[in-house]
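First up is the structure itself, then whatever we jot down about it.
Heads up: numbering here begins at 1 and tracks the sequence.
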Amino acid sequence: MTASSAQSNHGSRTAIVPNVAQTSQSGKSGASTESTETREPAAKHVPLAPASNSGDYAFLGATPGSVADRFYLAAAEDWNAAINSRFVNELLDDTLPDSVLISYLIQDFTFFTQPTLERLTAQAPTQEIRDMLNRQAEFFANQEKPYFLRFLEEYGVDERQQASVPQTPANREYCAYLDRIAATGSFAQLLCLMCAMEWLYLAWAKRTVDAGVVQQVPAHRGWVELHEGELFRCWVGNLIALVNQYASPDGPEADVFPEVARLERAFFEDSYAYGVGESEEERESRRHERVLAALDALAADEDPLATVDNPLIRR
């Protein structure tokens, strides 16, 4: 999650250091410069991302054994659960209910008040990095914020309705974590925070690009385009380069990637908590689905031989 009230938590397209070449000069958000005419015209089903392996993002500088690669692997369980979450799956397959998307956007928009990028910029060790981060902040304000405003308006959500939706528990926990790192964290911790958040969003958006699928719902396609493409990959690659340069597996920043992955996973899952515009019947159905999912998760971890005194089961 990024910086001030003019900045969002995810996505950006401006390169910040010269380690990764900027290959696109289109200047259009983070959308890939590849023509959509060369890709499938309809979103049907986007395959799940495979399990994390060392070197998955070597093309962005996270080479096997590098600091960034080690942090990526340390977060693997929650990272993969987040990028393969129900919310992401439904968004990429164009099956996400509007009420859930609206709730998600309202929750995500709260991160504009977080000072992460501002504090990262203030602690940057060189003027070159500060200048590049400032340019990134301008992009957040000029490109990503309008996405929120546009689609919330198109879905008929005014400021009063936005204010009436309570923060989800996951959102509150995430914001508290960001506040704590912004207040007391080192440059390396803030850097890892920014890198983990942006990299994870690239990872889920990369699924649909790898599958050659283009979303047909404008809000879904727009959210993907903000988090994939040459410029966004350049931004993530430069954050990875800085992590390799300034972070250490032996420092407190080593805890950041796993925590961000856990919080992002919970944030996606909590998007279903407050469906905006749902009827009471729909809300009750969604609550029922959550209960069933929780019971299924418990059953999956249960050993019937150890917990059930069943005479039909031979021990």
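- Residue Cys175 comes nearest to Thr110 through the heavy atom pair SG-OG1, 4.4 Å, listed as atom of the first residue, atom of the second, then distance.
- Taking all atoms of both residues into account, the shortest heavy-atom contact from Ala247 to Ala188 is CA-CB, 4.3 Å.
- Checking side-chain atoms of Arg119 against main-chain N and O of Leu190 turns up no donor-acceptor pair under 3.5 Å.
- Between Phe140 atom CZ and Leu117 atom CG the span is 6.0 Å, to the nearest 0.5 Å.
- Between Phe268 and Tyr201, the ring centre distance stays below 6.0 Å.
- At least one side-chain heavy atom of Phe71 sits under 4.5 Å from a side-chain heavy atom of Glu253.
- The backbone N or O of Gly185 lies less than 3.5 Å from a partner atom in the side chain of Gln123, making a donor-acceptor pair.
- Note that the CG atom of Leu193 and the CD1 atom of Ile181 stand 6.5 Å from one another [nearest 0.5 Å].
- The structure places SG of Cys234 at 5.0 Å from CG of Asn238, a figure rounded to the nearest 0.5 Å.
- Between Phe87 and Phe267, the distance separating the two ring centers is not shorter than 6.0 angstrom.
- Counting heavy atoms from C-beta on, the side chains of Asp158 and Glu153 never come closer than 4.5 Å.
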- Test log, rule side chain to side chain donor-acceptor pair (under 3.5 Å), inputs Gln215 and Asp94: CA-CA 6 Å; Gln215 287 62 43; Asp94 274 343; 5.6 Å; no
- Task: Walk me through it: do Tyr104 and Trp223 pass the test side chain to side chain contact (heavy atoms under 4.5 Å, CB included)?
- Result: CA-CA 12 Å; Tyr104 170 85; Trp223 197 233; 3.4 Å; yes
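- In this structure, CD in Glu144 is found 5.0 Å from CG in Leu226, a value given to the nearest 0.5 Å.
- Residues Leu242 and Gln245 meet the side-chain proximity criterion, which asks for heavy atoms closer than 4.5 Å.
- A distance-only check finds no donor-acceptor pair linking the side chain of Ser103 to the backbone of Val100 [under 3.5 Å].
- A donor-acceptor pair under 3.5 Å is formed between the side chain of Thr184 and the backbone N or O of Arg180.
- What you find for Asn244 and Gly61 is that their closest heavy atoms are ND2-O, 3.1 Å.
- Glu264 places none of its side-chain heavy atoms less than 4.5 Å from the side chain of Trp204.
- No side-chain heavy atom of Val260 sits under 4.5 Å from any side-chain heavy atom of Trp79.
- The main-chain N or O of Gln167 is never found under 3.5 Å from a side-chain atom of Asn171 such that the two would form a donor-acceptor pair.
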- Test log, rule side chain to side chain contact (heavy atoms under 4.5 Å, CB included), inputs Phe139 and Leu231: CA-CA 11 Å; Phe139 193 93; Leu231 295 178; 5.9 Å; no
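- Phe232 and Trp199 have their aromatic ring centers separated by at least 6.0 angstrom.
- For Tyr174 and Phe111, the distance between ring centers is under 6.0 angstrom.
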- Message: Show, in sequence, the C-alpha distance, side-chain angles and deciding distance for Asp69 and Thr63, and conclude whether the side chain to side chain donor-acceptor pair (under 3.5 Å) test is met.
- Response: CA-CA 6 Å; Asp69 186 64; Thr63 54; over 6 Å; no
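- In this structure a side-chain-to-backbone donor-acceptor pair under 3.5 Å is present from Gln189 to Ser186.
- A distance of 8.0 Å separates CG in Leu178 from CG in Leu263, rounded to the nearest 0.5 Å.
- Under the 3.5 Å distance criterion, the side-chain polar atoms of Thr121 are left unmatched by any main-chain donor or acceptor of Leu133.
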- Carefully, step by step, assess Val67 and Ser248 under the rule side chain to side chain contact (heavy atoms under 4.5 Å, CB included). CA-CA 7 Å; Val67 175; Ser248 168; over 6 Å; no
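- Side-chain contact between Phe148 and Asp108: present, with at least one pair of heavy atoms (C-beta onward) separated by less than 4.5 Å.
- Phe59 and Ile240 fall within a single hydrophobic cluster, where Ile, Leu, Val, Met, Phe, Trp and Tyr are joined by side-chain heavy atoms under 4.5 Å apart, directly or via other members.
- The shortest heavy-atom contact between Ala58 and Pro64 is CB-CD, 4.4 Å.
- In this structure, Val157 and Ile106 have side chains that are in contact, with non-hydrogen atoms separated by less than 4.5 Å.
- Annotation for Glu159: atom CD does not count as buried by contact number, only 12 or fewer foreign heavy atoms lying within 6.0 Å.
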- Could you please spell out the steps behind the salt bridge (charged side-chain N to carboxylate O under 4.0 Å, His left out) verdict for Arg135 and Glu138? CA-CA 5 Å; Arg135 288 196 295 272; Glu138 291 177 5; over 6 Å; no
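- Note that CD of Glu269 is 11.0 Å distant from OG1 of Thr168, once rounded to the nearest 0.5 Å.
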- After noting the C-alpha distance and the side-chain angles of His45 and Asn89, does the key distance pass the side chain to side chain contact (heavy atoms under 4.5 Å, CB included) rule? CA-CA 8 Å; His45 174 67; Asn89 294 341; over 6 Å; no
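- Remark: Arg130 CZ is packed, more than 12 non-hydrogen atoms of other residues, nucleotides or ligands lying under 6.0 Å away.
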- Task: May I have the step-by-step check of salt bridge (charged side-chain N to carboxylate O under 4.0 Å, His left out) for Arg265 and Asp78, ending in yes or no?
- Result: CA-CA 6 Å; Arg265 176 182 182 178; Asp78 284 323; 2.7 Å; yes
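- With Asp56 contributing its side chain and Asn53 its backbone, the two residues share a donor-acceptor pair below 3.5 Å.
- The existence of a salt bridge linking Arg262 and Glu259 is confirmed by a sub-4.0 Å separation between a basic side-chain nitrogen and an acidic carboxylate oxygen.
- If you look at Phe257 and Tyr72, their ring centroids are not closer than 6.0 Å.
- Between Val88 and Ile83, the closest side-chain pair of non-hydrogen atoms is not below 4.5 Å.
- Annotation: cation-pi geometry satisfied between Arg86 and Tyr272 (NZ/CZ under 6.0 angstrom from ring centroid, within 45° of ring axis).
- No donor-acceptor pair under 3.5 Å is formed between the side chain of Arg233 and the backbone N or O of Leu60.
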